[in-house]
Amino acid sequence: MDYTQLGRTGLKVSRLCLGTMNFGPVTSEDDSFAIMDHAHELGINFFDTANVYGWKKGEGITENIIGRWFAQGGGRREKTVIATKLYGDMGDWPNDGRLSALNIRRAADASLKRMQTDYIDLYQAHHVDRSTPFEEFWEAMDILKQQGKILYVGSSNFAGWHIAKAQEVAARRNSLGLVSEQSHYNLIVRAPELEVIPAAEDYGLGLIPWSPLAGGLLGGILRKIDKGRSASENMVKELDKHRDKIEQYEAFCDELGEDPANVGLAWLLHQKVVTAPIIGPRTLDQLDGTTRALEIKLDEKALARLDEIFPGFKTAPEEYAW
C-alpha cells in the first residue's frame with residue numbers, strides 16, 4: 001500500500017480510502033467486519049463514514065457497526081484513521097442537523113458514542129451550512145479539539161469560495177483550518193477543476209474524491225449489462241446520456257489491458273491534490289480488485305487520451321474568460 005500526507009498535515013493515510021456507506025443497508029455486519037479486517041491486511045488505514053449512513057434517521061447504523069468492530073480490539077482502532085461527517089438531520093427537532101455550535105457539540109458526542117472511541121481523527125462538514133457563520137463553526141470545532149475529541153477538520157461538497165472563506169476565518173483565529181475537502185470528482189464529473197481543486201491546492205487541503213467511478217458508470221458498466229447483469233433505472237438513464245464516451249472509455253481500457261474501474265481510480269491518483277479516492281466495496285472480491293489501481297501508471301499519452309474522451313476544465317477564470 002502507498003501512503004501520503006493528508007493535505008498539509010503530518011498525518012499519513014493510505015492512497016485508497018475505505019468508504020462504509022454500504023455497511024448496514026447493503027452489506028451485512030459480519031461481511032462489513034470482514035471487509036474492514038481485510039482492508040487492514042491490505043494496508044488501508046483510512047476509513048470514511050458519516051452519522052447519517054444507514055439511512056434511518058437518528059440511528060447511525062453504519063457508525064454503530066464500526067463501533068462494534070473497534071470494540072473487538074486487536075489494534076483495530078489504533079490502526080485506523082477514522083473520518084466521519086455531520087450535517088444531515090439526525091432527528092426531527094430544529095437543531096438536530098446542520099452546523100450550529102449546538103449540533104456540532106451534540107453530533108460529535110453521539111458519533112463518539114456510536115463508534116466506541118474517545119476521538120475522531122477527521123471530522124468533516126458533510127455540506128456547507130449557509131445559515132451558520134464560519135466564526136461559529138470554528139469556535140465549536142476548536143473547542144472539540146481542545147477537549148481532545150477531534151484531531152483534524154475537513155469539509156465535503158464545499159465550493160472553492162467556501163473553502164477560501166473558511167480558511168481565512170480560521171487564519172484569523174490562528175487555527176489550522178480545513179485539511180481536506182471531500183468532493184464529487186471523477187472522469188465524468190470534473191467541475192471541481194474549475195475552482196475547488198485550485199482552492200484546495202492553494203490552501204493545502206487534500207482532496208478526497210467520492211463516487212470515483214461515477215456510481216458505476218466507469219466500472220465496466222457495458223460489459224456487465226452485456227453479461228445480463230441488471231442496472232437501476234437511473235443508471236440506465238445516465239448510461240444513455242454518456243454512452244458514446246463510455247464505449248470509447250471501455251475500448252481504451254481494453255487497449256491498456258486493464259479493468260475500467262481500476263483505470264478510473266488510477267486516473268484520480270494521477271491528479272494533483274488528490275489524497276485518496278473513496279472506494280465502497282460491497283464484497284471482499286471488490287475490495288481486492290481495487291488495489292490494482294495503485295500499480296497502474298498512466299503516461300502522458302494515456303492521460304491525454306482520457307482527456308479527449310472526458311474533457312476537463314481549465315482553472316477559472318481562463319475557462320470562461322482569458
Side-chain angles (χ1 to χ4, degrees), residues 1-21 44-50 81-87 120-128 151-168 170 176-215 218 261-280 290 293-294 296 298 303 306-307 310-316 319:
M1 180 55 58
D2 296 330
Y3 299 89
T4 190
Q5 311 298 123
L6 178 62
R8 66 194 185 283
T9 75
L11 184 67
K12 288 188 177 181
V13 295
S14 50
R15 292 303 312 275
L16 294 175
C17 178
L18 180 69
T20 63
M21 191 168 65
I44 297 174
N45 74 333
F46 193 19
F47 293 9
D48 177 74
T49 192
V81 174
I82 189 67
T84 193
K85 301 183 284 290
L86 81 153
Y87 177 88
I120 295 164
D121 297 279
L122 177 62
Y123 202 35
Q124 303 162 110
H126 211 160
H127 194 279
V128 66
L151 300 182
Y152 301 97
V153 179
S155 59
S156 182
N157 305 305
F158 274 31
W161 75 272
H162 296 139
I163 292 172
K165 193 169 183 179
Q167 297 303 75
E168 294 306 318
L176 180 63
L178 301 172
V179 302
S180 62
E181 158 60 20
Q182 192 176 130
S183 285
H184 189 194
Y185 186 44
N186 53 57
L187 274 165
I188 294 176
V189 180
R190 297 184 61 168
E193 295 169 357
L194 277 166
E195 306 210 21
V196 173
I197 289 176
E201 184 177 25
D202 191 69
Y203 284 104
L205 278 65
L207 193 73
I208 308 169
W210 61 265
S211 194
L213 300 180
L218 298 170
N262 290 331
V263 174
L265 291 173
W267 178 82
L268 282 170
L269 291 168
H270 282 72
Q271 304 309 303
K272 60 184 178 181
V273 312
V274 168
T275 296
I278 298 175
I279 56 172
T290 60
L294 299 166
I296 298 175
L298 299 171
L303 291 170
L306 290 169
D307 281 337
F310 302 105
F313 293 92
K314 297 176 185 177
T315 298
E319 178 65 30

Return the minimal non-hydrogen interatomic distance between [X] and [Y], and the atom names on each side.
X: R15; Y: T275; value: NE-O, 2.8 Å
X: P212; Y: L268; value: CB-CD1, 3.3 Å
X: A293; Y: A266; value: O-CB, 3.7 Å
X: S211; Y: G215; value: OG-N, 3.1 Å
X: Y87; Y: V128; value: CE1-O, 3.6 Å
X: L122; Y: G154; value: CD1-N, 3.7 Å

Spatial distance of atom [atom1] ([X]) from atom [atom2] ([Y]) [nearest 0.5 Å]:
X: L298; Y: Q271; atom1: CG; atom2: CD; value: 9.0 Å
X: L16; Y: I279; atom1: CG; atom2: CD1; value: 5.0 Å
X: L294; Y: D2; atom1: CG; atom2: CG; value: 5.5 Å
X: H126; Y: L86; atom1: NE2; atom2: CG; value: 9.5 Å
X: K12; Y: F46; atom1: NZ; atom2: CZ; value: 15.5 Å
X: F47; Y: I82; atom1: CZ; atom2: CD1; value: 7.0 Å

Exercise. Mind checking what makes side-chain contact (heavy atoms from CB on, under 4.5 Å) contact with A199, not counting sequence neighbours?
Worked result: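 Partners of A199 by the side-chain contact (heavy atoms from CB on, under 4.5 Å) criterion, ordered by chain and then number, come out as I163.
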Exercise. Does any N or O in the side chain of E319 come within less than 3.5 Å of the main-chain N or O of F313, such that one atom is a donor and the other an acceptor?
Worked result: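 No.
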Problem set entry | Check: N186 side chain, L213 main-chain N or O, donor-acceptor pair, under 3.5 Å |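 Between the backbone of L213 and the side chain of N186 there is no qualifying donor-acceptor contact (under 3.5 Å).
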Heavy-atom side-chain contact between [X] and [Y] under 4.5 Å:
X: H270; Y: L303; result: yes
X: Y152; Y: L11; result: yes
X: V263; Y: L265; result: no
X: I120; Y: L151; result: no
X: D48; Y: L18; result: no

For this session: Dump the intermediate steps for side chain to side chain contact (heavy atoms under 4.5 Å, CB included) on H127 and K85, then the final yes or no.
Result: CA-CA 9 Å; H127 194 279; K85 301 183 284 290; over 6 Å; no
For this session: Please test F310 against L218 for side chain to side chain contact (heavy atoms under 4.5 Å, CB included), starting from the C-alpha separation and ending with a verdict.
Result: CA-CA 11 Å; F310 302 105; L218 298 170; 3.9 Å; yes
Problem set entry | Verdict with reasoning, L207 to Y185, per side chain to side chain contact (heavy atoms under 4.5 Å, CB included) | CA-CA 9 Å; L207 193 73; Y185 186 44; 3.7 Å; yes
For this session: Might you work through the side chain to side chain contact (heavy atoms under 4.5 Å, CB included) test for R8 and L176, ending with a clear yes or no?
Result: CA-CA 10 Å; R8 66 194 185 283; L176 180 63; 3.8 Å; yes
Problem set entry | Contact list for residues 154-168, test side chain to side chain donor-acceptor pair (under 3.5 Å), sequence neighbours left out |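 Sorted result for residues 154-168: S155-E181, N157-W210, E168-Y203.
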Problem set entry | Residues that D307 engages under salt bridge (Lys or Arg N to Asp or Glu O under 4.0 Å), provided they are two or more places apart |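 Partners of D307 by the salt bridge (Lys or Arg N to Asp or Glu O under 4.0 Å) criterion, ordered by chain and then number, come out as R190.
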For this session: Using side chain to side chain contact (heavy atoms under 4.5 Å, CB included) as the criterion, point out the one residue from I278, I44, N45 that pairs with C17.
Result: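 Passing option: I278.
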